[in-house]
Amino acid sequence: MGINKYNCEGYYDPTPYEALTRIENEARKLHSFRPVVYICSPLSGDVEGNQEKAARYCRFAVDTGYIPIAPHLYFPRFMNDANPRERDLALFMDIVLLTKCAELWVFGDTISKGMSIEIEKAKRKGQTIRYFTENCQEVSV
């Protein structure tokens, strides 16, 4: 629809048009950059429940202005976590995606073997690591 250059009486009115255009452009700038964050949470055990939690963590990231990457929501759709070769390949791909992210966000109290590998890789690369509870409250470690 856009901003109209004319007032309600049909006369050209550039001042409100320019002011509203500037406000709209500033709002776009604020929302145009969203850092990519890697969502690190358990998959094994209660796979279905853990994937539901991971989806909630992703929603939290979106709501706070980030773009979430959660491979454990995606890869199990076409890879078998019970097959050691496929699990190793998935973990390799996880690490590749992790290196493309600005931060690693760790959720929950449990650190699985796969999560510990991801955390160590992020530490070695000097990436920011943030820790959150299952209720998405940030905690210091």
Result block: side-chain N/O donor-acceptor pairs under 3.5 angstrom for residues 121-128, not counting sequence neighbours:
| residue | atom | partner | partner atom | Å |
| --- | --- | --- | --- | --- |
| Q127 | NE2 | L98 | O | 2.9 |
| Q127 | NE2 | C101 | O | 2.7 |

Within a reach of under 6.0 Å around CZ of F92, are more than 12 heavy atoms found that belong to other residues, nucleotides or ligands?
no
R56: partners by side-chain hydrogen bond (donor to acceptor under 3.5 Å, both in side chains), with sequence neighbours left out:
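Partners of R56 under the side-chain hydrogen bond (donor to acceptor under 3.5 Å, both in side chains) test: none.
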Connecting only ILVMFWY residues whose side-chain heavy atoms lie within less than 4.5 Å of each other, what is the rest of V62's hydrophobic cluster?
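Via sub-4.5 Å side-chain contacts, V62 links to none.
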Is V47 isolated, or which residues cluster with it under the ILVMFWY side-chain rule of less than 4.5 Å, directly or via members?
L43
Where at least one partner belongs to [range], residue pairs that pass side-chain hydrogen bond (donor to acceptor under 3.5 Å, both in side chains), sequence neighbours excluded:
{"range": "residues 37-49", "value": "Y38-E118, S41-H72"}
{"range": "residues 100-109", "value": "E103-W105, E103-R130"}
{"range": "residues 83-93", "value": "D81-R87"}

Do [X] and [Y] come within less than 4.5 Å of each other through their side chains, counting heavy atoms only?
{"X": "I129", "Y": "I119", "answer": "yes"}
{"X": "F107", "Y": "C40", "answer": "no"}
{"X": "Q51", "Y": "P76", "answer": "yes"}
{"X": "I117", "Y": "I95", "answer": "yes"}

Among residues at least two apart in sequence or on other chains, which ones pass side-chain contact (heavy atoms from CB on, under 4.5 Å) with [X]?
{"X": "P35", "result": "F33, Y66, A102"}
{"X": "P84", "result": "none"}
{"X": "I67", "result": "R34, V36"}
{"X": "T133", "result": "N135, Q137, V139"}

Same cluster for [X] and [Y] if Ile/Leu/Val/Met/Phe/Trp/Tyr side chains link at under 4.5 Å?
{"X": "L104", "Y": "I111", "answer": "yes"}
{"X": "I39", "Y": "L91", "answer": "no"}
{"X": "L97", "Y": "L89", "answer": "yes"}
{"X": "I69", "Y": "M115", "answer": "yes"}
{"X": "Y11", "Y": "L20", "answer": "no"}

Heavy atoms only: give me the nearest P68-C58 pair and the separation to one decimal.
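Answer, listing the atom of P68 first, then C58: CG-O, 3.6 Å.
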Would you compute the distance between atom NZ of K53 and atom CG of L73 and round it to the nearest 0.5 angstrom?
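Answer rounded to 0.5 Å: 13.0 Å.
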Are the ring centres of F60 and F132 closer than 6.0 Å?
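Here the rings of F132 and F60 have centres that are less than 6.0 Å from each other.
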For Y12, ring-ring contact (aromatic ring centres under 6.0 Å, His included) partners two or more places apart:
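Partners of Y12 by the ring-ring contact (aromatic ring centres under 6.0 Å, His included) criterion, ordered by chain and then number, come out as Y6.
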